[in-house]
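Shown next, in structure tokens, is the structure this report addresses.
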Amino acid sequence: MNLKTLVWRELAERPSAMLTSTLTILLGVTALVAIRHVTVFSEREVGQQLQSLGANVLVLPKDATLQDYYSADLTERTLPESHVASILLENLPGVERLSPKLCVSAKVANRDVTLTGILPQSEFQAKSAWQSVSLFSNKHEGCKKAACGPKTYDAAPETLASERTIDQLKGNEAVIGADVAEFSGLKPGQSVELLGEKLQVLAVLPRTGTVDDSRVFAHLHTVQRLTNVGEVVNAIEVMGCCEDAAGGLVPKLAELLPDAKVVTISQVVSTQVGINRLMSQMSLFVLGILVIVGGASVASTVSSNVRERRREVGTLMALGATPSLVTRMFLLKAWTLGIVGAVGGSVLGLIVAMVLGSQWAGVTVQPLPDLIALSIGAALVITTLAALWPARSAAKLDPCCCFQEF
Amino acid sequence: MLHLQDITKVYRRRQEEVVAFKATSLDIGLGEYVAVVGPSGSGKTTLLSMLGGMLSPDTGKVWFGGESLYDLPINERTRRRREQIGFVFQTFNLVPYLTALENVQVPLFLHGVGKSEQRDRAVSLLEQVGLGNRIEHKPSELSTGQQQRVALARTLANNPRLILADEPTGNLDPDSREAVLSMFDNFVREGRTIVMVTHDPGAAARSSRRLCLNDGMLVTPHEIHTTKAA
Ligand SMILES: Nc1ncnc2c1ncn2[C@@H]1O[C@H](COP(=O)(O)OP(=O)(O)OP(=O)(O)O)[C@@H](O)[C@H]1O
Ligand SMILES: [Mg+2]
């Protein structure tokens with residue numbers, strides 16, 4: 001016999017007495033854990049999308065959907081490549097790099113891959129028409145970024161994975177993503193046949209965990225020639241020197257290219273960012289509900305339990321239980337229901353998040369131990385605070401009520 | 001071992017005041033077997049509660065073993081009760097969701113006795129009251145007489161010097177009543193003390209001393225009689 005058995009025996013005898021407040025805590029924690037998990041993973045996904053779309057501004061065909069762009073890249077709609085020159089000649093402040101892209105389907109080792117045509121940065125330098133432009137040296141007002149020195153265009157091709165642009169790429173060369181390299185067994189220096197033409201593998205990109213892993217990059221003009229689409233691109237990625245610049249660039253680019261759609265990456269993910277913000281606020285709201293409803297429910301359950309057990313408390317005191325032991329006994333009851341509610345709620349919330357997260361928000365949810373520990377901790381703090389007053393009132397009961405008949 | 005000095009206990013409810021107990025001096029010595037008798041509402045339970053350190057008087061002092069009980073901090077007072085005083089109730093006051101064994105273990109647990117010793121001592125106490133074969137039964141599965149015997153085993157668990165009993169035989173059949181009273185006889189024979197409130201003249205007759213209460217005052221039996229007649 002100890003305090004735990006004493007409490008446990010009572011709860012086991014009549015679990016229904018504590019059921020309502022256990023359920024309240026359980027549902028509160030379920031909602032909290034589920035919403036927080038989905039939010040966290042949704043935010044991570046947004047972060048990944050932002051990273052995988054490194055460019056600050058996208059210039060897209062008017063009717064292309066953003067979803068098209070960042071998921072598959074494959075769209076029938078195109079822009080004239082001359083837009084690249086227009087942007088360059090306008091010499092807009094804050095533009096650091098441009099990267100026009102054309103994406104088509106191709107096969108490597110009998111597997112579908114996305115063949116992406118890109119323009120190496122060195123060619124912007126070389127094109128005579130653009131020579132008059134002091135290339136990308138026009139900083140926007142108030143730019144905090146340090147000026148970079150004269151560019152040498154000699155970075156390794158692997159930087160394509162992180163920088164989204166490549167400095168040097170010849171017409172007969174290709175750079176392949178990590179997945180493509182894996183299933184085809186291709187290595188740098190070997191040749192790969194794409195759309196009927198042999199290209200030499202210049203480099204294999206390090207794994208990024210994004211769609212880029214299953215892409216093959218080749219020179220824009222090679223892709224245009226092999227697919228006979230003419231001088232067109234699917235998108236032009238415009239890297240501003242910083243976030244501020246990107247915001248300022250959008251209206252200018254829109255004015256310059258009335259037939260194109262100009263968006264910032266943050267706009268691409270803005271819906272999801274909005275939903276995430278809403279869910280963050282929702283979880284605060286749920287926490288509020290948990291505190292108020294859960295707390296009130298625990299407080300009323302414990303105080304009615306104290307009232308109900310008056311004679312037992314008196315008897316225990318007559319047998320020599322100290323007031324602090326009586327307080328601890330009722331706190332332990334509250335903790336028991338708090339722990340059952342919090343642990344059950346965490347498990348249930350996790351299941352809900354895993355099922356609904358993928359169904360509704362399209363994110364894969366994995367358990368976050370810190371978050372679960374925090375939710376359980378919060379539920380226990382709430383139950384303790386709510387039970388404190390009734391538990392202490394039990395210690396102040398008149399022990400003489402053990403003599404009364406009920 | 002017990003001494004009451006200038007005690008008054010008054011209950012106030014709204015405008016009304018009830019003098020529940022009043023005594024200038026009362027001594028109860030070691031080894032005495034005291035029966036407290038008197039009509040309902042005369043203050044018997046009030047007296048017992050004050051003797052047991054459960055109800056502080058409005059004035060005066062209760063001395064228990066040379067210490068003024070209500071001048072001790074509450075935890076010390078509780079400890080005296082836990083270690084030296086055993087209560088017996090008219091309605092047994094067993095914890096309904098605990099088995100007979102666990103009920104007897106409660107005072108041992110409160111006293112800080114280890115788990116296996118708790119069990120051993122509780123089993124032997126239950127065997128002493130003749131319930132060795134019912135240790136896993138809940139109070140609701142026991143007859144009233146058996147319940148009171150479990151309660152007695154619980155009272156004796158911490159080996160008290162003093163038993164305070166409030167109508168211990170009030171709810172019992174003759175056989176169970178006899179079992180309780182003969183246990184009390186044994187207890188006193190070991191030199192220990194009992195204060196027993198009772199309406200049962202037969203039980204009162206077995207005590208070594210009788211205290212009569214009327215309207216919160218200690219009176220001689222004759223005075224009770226006259227009050228009743230008036
Ligand atoms: N908590 C209380 N509040 C107010 N009055 C009380 C309280 N407890 C007892 N009394 C009053 O004090 C007086 C003595 O009560 P007590 O319970 O001591 O009587 P008793 O002799 O034990 O009676 P019974 O034989 O019916 O058990 C009664 O008039 C009772 O109404
Ligand atoms: Mg009484």
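Below, read A as the first sequence line, B as the second, and so on, with proteins coming before strands; counting in each chain starts at 1.
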If you define the side chain from C-beta out and look only at heavy atoms, does anything of A/Cys402 sit under 4.5 Å from B/Phe87? no

Would you sort out whether B/Lys115 and A/Asn2 count as a side-chain contact (heavy atoms from CB on, under 4.5 Å), showing the intermediate values? CA-CA 8 Å; B/Lys115 231 172 186 165; A/Asn2 54 33; 3.4 Å; yes

Inspect the surroundings of OH in B/Tyr11 and state if more than 12 heavy atoms from other residues, nucleotides or ligands are less than 6.0 Å away. yes

Contact between A/Pro323 and B/Asn75 at the side-chain level, heavy atoms closer than 4.5 Å - yes or no? yes

Closest non-hydrogen atom pair between A/Glu13 and B/Lys138, with its separation: OE1-NZ, 3.3 Å

So with a 6.0 Å cut-off around CZ of A/Arg207, is the heavy-atom count from everything else above 12? yes

Before giving the answer on side-chain contact (heavy atoms from CB on, under 4.5 Å), spell out for A/Phe403 and B/Leu55 the whole-Å C-alpha distance, their side-chain angles and the decisive distance to 0.1 Å. CA-CA 12 Å; A/Phe403 291 113; B/Leu55 181 67; over 6 Å; no

Counting only heavy atoms closer than 4.5 Å, note whether B/Asp166 contacts chain A via side chain, backbone, both or neither. side chain

Option that, when pairs with chain A are counted at under 4.5 Å, heavy atom only, ranks first among B/Pro96, B/Gly53, B/Gly86: B/Pro96

Using a cut-off of 6.0 Å, state whether more than 12 heavy atoms not belonging to A/Met282 lie near its atom CE. no

Check: A/Thr5 and B/Phe109 side chains under 4.5 Å, non-hydrogen atoms: no

Does B/Glu190 have more than 12 heavy atoms from other residues, nucleotides or ligands lying within 6.0 Å of its CD? yes

What part of B/Gln105 gets within 4.5 angstrom of chain A, counting heavy atoms only: side chain, backbone, both, or neither? both

Would you say that B/Thr78 contacts A/Met317 through its side chain, given a criterion of any heavy-atom pair below 4.5 Å between the two side chains? no

Which residue out of B/Arg81, B/Glu167, B/His111, B/Arg77 racks up the most heavy-atom pairs below 4.5 Å with chain A? B/Arg81

Checked B/Met54, B/Gln90, B/Arg119, B/Arg80 vs chain A; the most non-hydrogen pairs under 4.5 Å come from B/Met54

Non-hydrogen atoms of chain A under 4.5 Å away: do they reach the side chain of B/Glu102, the backbone, both or neither? both

Which of the residues A/Leu316, A/Thr315, A/Leu325, A/Asp398 is involved in the greatest number of heavy-atom pairs with chain B at under 4.5 angstrom? A/Thr315

side-chain contact (heavy atoms from CB on, under 4.5 Å) between B/Leu98 and A/Glu312, worked out: CA-CA 12 Å; B/Leu98 297 182; A/Glu312 253 146 66; over 6 Å; no

Just give me the residue among A/Gly314, A/Pro399, A/Ser324, A/Ala318 that pairs up with chain B most often, heavy atom to heavy atom, under 4.5 Å. A/Ala318

Look up atom CE in A/Met1 and atom CG in B/Leu101, then write down how far apart they are to the nearest 0.5 Å. 8.0 Å

Short side-chain to backbone donor-acceptor contact, A/Arg14 and B/Tyr97, under 3.5 Å: no

Are A/Arg9 and B/Thr99 close enough that some pair of their side-chain heavy atoms sits under 4.5 Å apart? no

Does NZ belonging to B/Lys9 count more than 12 external heavy atoms closer than 6.0 Å? yes

